[in-house]
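Single-structure report; data block below.
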There are 2 protein chains.
Amino acid sequence: MKEQQLNKILGKAQDICNHSGGRLTSKRKGILELMLLSNVPLSAYEVTDKYNKSTGSSMAAMSVYRILDFLETEQLVHKLSSTNKYVACSHIACSHTHEIPQFLICGKCQSVKEIAIAKRIADELEQEVANAGYKLVNSQLELQCICEKCS
Amino acid sequence: MKEQQLNKILGKAQDICNHSGGRLTSKRKGILELMLLSNVPLSAYEVTDKYNKSTGSSMAAMSVYRILDFLETEQLVHKLSSTNKYVACSHIACSHTHEIPQFLICGKCQSVKEIAIAKRIADELEQEVANAGYKLVNSQLELQCICEKCS
DNA sequence: AACAGCAATGATATGATATATCAGCAAGAT
DNA sequence: ATCTTGCTGATATATCATATCATTGCTGTT
Ligand SMILES: [Zn+2]
Ligand SMILES: [Zn+2]
Ligand SMILES: [Zn+2]
Ligand SMILES: [Zn+2]
């Protein structure tokens with residue numbers, strides 16, 4: 001990722017936090033930047049190691065969990081429940097609202113592509129859920145795939 | 001669940017294992033039965049406790065993990081990655097092939113309903129994945145919902 | 001500037017989930 | 001009967017996540 005692009009995203013992240021009243025502190029920003037620069041999802045402990053190595057600090061995993069929770073609340077990162085790893089949102093700098101995220105996870109190289117689910121599919125899914133007597137609250141789809149490179 | 005119904009399912013499970021060459025041992029069968037009788041998903045450790053209490057044995061969690069893995073391979077149980085819990089398949093006694101499972105998980109009472117995703121939606125999803133340059137391998141959808149009773 | 005209030009982080013402990021590994025055993029095949 | 005393979009026991013360890021209380025550092029008020 002180009003530095004210019006990165007700065008744009010970080011700027012937008014700042015805006016999002018300002019708007020919500022959250023504080024994008026330097027640690028939170030550092031973690032977010034690290035996530036943005038990673039091309040694979042990272043576990044909380046991997047984030048901790050990376051952060052500590054790259055900054056020479058010694059933040060505890062506990063703090064990283066808190067920061068990841070914060071970033072998740074702001075929808076700046078997402079947690080993949082199928083792998084217990086975290087990934088930066090691909091749509092931070094986009095202007096559209098954040099739809100149901102759909103993650104395509106490569107089973108070989110672990111790379112992840114976040115796409116927004118088509119409205120039509122989302123509607124149909126919700127309809128199916130309603131037919132079963134349930135009310136859809138909030139979900140993300142995590143699809144096990146093979147990416148172009150690996151296939 | 002009626003005992004007759006339970007026996008039918010266990011018989012079908014036996015058939016499935018025979019067909020695949022796996023052995024539905026008494027322990028495996030005991031775990032499966034326990035899962036079938038539970039109306040909420042259970043963690044591996046919860047399964048361990050239940051099994052040990054109901055049989056007076058002292059199986060280690062390690063063995064339960066192995067058994068759950070086996071049952072999962074045979075598609076007799078599924079693992080919900082969003083909650084790290086296991087649930088018996090709802091379609092064991094059905095004759096149709098096992099489609100992409102779609103789990104509706106109630107956020108209040110934890111009950112789970114497993115429905116088969118509509119073919120049309122599955123196709124559309126696969127098409128979306130293909131458009132993104134990925135190839136869908138094998139997925140299940142876990143949707144966070146509120147069930148009828150709880151809403 | 002002093003203070004109060006609240007948000008963020010530090011520090012430590014513990015709990016929950018999952019895998020690795022090697023040894024012993026049981027069932028079916030030759 | 002011996003062999004092979006798959007199943008289970010037993011123990012250790014790795015990985016993921018939360019609980020709790022103390023401390024620090026903003027921010028807005030007096
Ligand atoms: Zn996103
Ligand atoms: Zn790949
Ligand atoms: Zn099923
Ligand atoms: Zn419910």
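On a predicted model such as this, the values are computed, not experimentally measured, just so you know. Quick note: numbers below take in every heavy atom, side chains included, and nothing from hydrogens, waters or symmetry partners.
- The closest side-chain heavy-atom distance from B/Val40 to B/Val87 is not below 4.5 Å.
- Put simply, the side chain of A/Glu126 never gets that close to the backbone of A/Asp123: no donor and acceptor are under 3.5 Å apart.
- B/Ser20 places a side-chain N or O within 3.5 Å of a backbone atom of B/Gly22 that can act as its donor or acceptor partner.
- Between the B/Lys113 side chain and the A/Ala132 main chain, a donor and an acceptor come within less than 3.5 Å of each other.
- Counting only heavy atoms from C-beta outward, the side chains of B/Tyr65 and B/Phe70 never approach each other to under 4.5 Å.
- OP1 or OP2 of C/dG10 has at least one side-chain nitrogen or oxygen of A/Ser63 nearer than 4.0 Å.
- Side chain of B/Ser54 to backbone of B/Lys50: a donor-acceptor contact under 3.5 angstrom is found.
- Inspection of the A/Gln14 and A/Asn18 side chains reveals an N or O donor paired with an N or O acceptor under 3.5 Å.
- In terms of modelled atom types and a separation under 3.5 Å, the side chain of B/Gln140 and the main chain of B/Lys79 share a donor-acceptor contact.
- Within the nucleic acid shown, B/Met59 comes within 4.0 Å of sugar-phosphate atoms alone, with no base atom in reach, counting heavy atoms only.
- Not one N or O on the side chain of B/Ser38 forms a donor-acceptor pair closer than 3.5 Å with the backbone of B/Met35.
- Summarising the geometry, the separation between CD1 on B/Ile31 and C1' on D/dC7 is reported as 14 Å, rounded to the nearest angstrom.
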Between the protein and nucleotides 14-17 of chain D, which nitrogen or oxygen pairs come in under 3.5 angstrom?
{"residue": "D/dA17", "atom": "OP1", "partner": "A/Lys79", "partner atom": "NZ", "Å": "2.5"}
{"residue": "D/dA17", "atom": "OP1", "partner": "A/Asn84", "partner atom": "OD1", "Å": "3.2"}
{"residue": "D/dA17", "atom": "OP2", "partner": "A/Tyr65", "partner atom": "OH", "Å": "3.2"}
{"residue": "D/dA17", "atom": "N7", "partner": "A/Tyr45", "partner atom": "OH", "Å": "3.1"}
{"residue": "D/dA17", "atom": "N6", "partner": "A/Tyr45", "partner atom": "OH", "Å": "3.4"}

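- The distance between atom CD1 of A/Ile67 and atom P of C/dA7, rounded to the nearest whole Å, is 17 Å.
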**Request:** Run the numbers on A/His98 and A/His78 for ring pair (Phe, Tyr, Trp, His ring centres under 6.0 Å), then give the verdict.
**Result:** CA-CA 12 Å; A/His98 198 288; A/His78 301 292; 4.8 Å; yes
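- Hydrophobic cluster membership for A/Val137: B/Ile146 (Ile, Leu, Val, Met, Phe, Trp, Tyr linked by side-chain heavy atoms under 4.5 Å, directly or transitively).
- Listed pair B/Thr25 / D/dT8 meets the phosphate criterion, a side-chain N or O lying under 4.0 Å from OP1 or OP2.
- Proximity of A/Asn131 to B/Ile115: side-chain heavy atoms (C-beta onward) are nowhere separated by under 4.5 Å.
- A/Phe70 places its CZ atom 10 Å from the C1' atom of C/dA8, with the value rounded to the nearest Å.
- The distance between atom CG of B/Leu68 and atom P of C/dT19, rounded to the nearest whole Å, is 11 Å.
- In the helix from C/dA1-D/dT30 to C/dT30-D/dA1, the end axes, each obtained as the rotation axis mapping the C1' atoms of four pairs onto the next four within a five-pair block, lie 20° apart to the nearest 10 degrees.
- Map B/Ser58 and B/Arg28 each onto its nearest nucleotide of DNA chain D; the residue landing nearer the 5' end is B/Arg28.
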Between protein and nucleotides 21-25 of chain D, what N or O pairs are separated by less than 3.5 Å?
none

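- No side-chain donor from either of B/Ser139 and A/Glu142 sits under 3.5 Å from a side-chain acceptor of the other.
- Listed by chain and residue number, nothing satisfies the salt bridge (Lys or Arg N to Asp or Glu O under 4.0 Å) test with A/Asp15 (two or more places apart in sequence, or in another chain).
- Atom CE in B/Met62 sits about 14 Å away from atom P in D/dC7, given to the nearest Å.
- Atom CD in B/Glu74 sits about 14 Å away from atom C1' in D/dC7, given to the nearest Å.
- Distance, B/Leu42 CG to C/dA18 C1': 17 Å, rounded to whole Å.
- Between B/Asp49 atom CG and C/dA16 atom P the separation is 10 Å, expressed in whole Å.
- Of all the residues in residues 9-18 of chain B, not one reaches under 4.0 Å from DNA chain C with any non-hydrogen atom.
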